[in-house]
Amino acid sequence: MGNASTLHVGLDVHKDSIAVAYAPTDGGVAPIPFGTIGTRQCDIDALVRKLQSKGARLVFVYEAGPCGYWLYRYLTKKELPCFVVAPSLIPRKPRSLSTRMRQSGIEFSESAPPPRARCAWGD
């Protein structure tokens with residue numbers, strides 16, 4: 001994958017951690033789980049640096065919830081595009097809670113950017 005591509009980064013934001021997955025726009029590659037990171041700003045900065053080495057442009061998307069608007073403000077302050085998706089508007093298959101938590105970062109990276117998901121807030 002060249003540096004001219006865009007990476008869609010799906011985030012599942014919790015109080016103590018953020019699950020991350022990303023998907024390139026070119027090549028039809030399935031979303032790739034990145035892992036779990038902390039919620040400190042230095043953790044976000046390290047994630048951005050690692051992912052920018054894979055693609056020149058990053059687009060972040062995550063589900064609206066009580067733990068996440070600080071992240072939207074932080075990413076947009078760094079001039080990174082970020083979309084906050086309304087939870088009720090994300091298409092989902094019924095499944096267990098543990099599977100849902102593990103897969104949400106992957107789902108967000110697949111649904112970014114809209115129109116496949118409606119944004120509650122974003123650029």
Which atom pairs, one a donor and one an acceptor, fall under 3.5 Å between side chains of residues 38-47 and the rest of the protein, sequence neighbours left out?
from: Arg40; atom 1: NE; to: Asp43; atom 2: OD2; distance (Å): 3.4
from: Arg40; atom 1: NH2; to: Asp43; atom 2: OD1; distance (Å): 3.3
from: Asp43; atom 1: OD2; to: Arg40; atom 2: N; distance (Å): 3.3
from: Asp45; atom 1: OD1; to: Tyr74; atom 2: OH; distance (Å): 2.6
from: Asp45; atom 1: OD2; to: Tyr74; atom 2: OH; distance (Å): 3.0

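Contact annotation: the side chain of His14 never approaches that of Thr36 to less than 4.5 Å [non-hydrogen atoms, C-beta and beyond]. With a 4.5 Å cut-off on side-chain heavy atoms, Tyr62 and Val84 count as touching. Annotation: side chain of Phe34 is not in contact with side chain of Val9 (no heavy-atom distance under 4.5 Å).
A pairwise comparison of heavy atoms in Ala23 and Pro31 identifies CB-CA, 3.9 Å as the closest pair. Looking at every heavy atom in both residues, Leu7 comes nearest to Leu51 through CD1-O, 3.5 Å.
We find the CG-OH distance between Leu80 and Tyr72 to be 11.5 Å, quoted to the nearest 0.5 Å. Rounded to the nearest 0.5 angstrom, Arg73 CZ and Lys78 NZ are separated by 15.5 Å.
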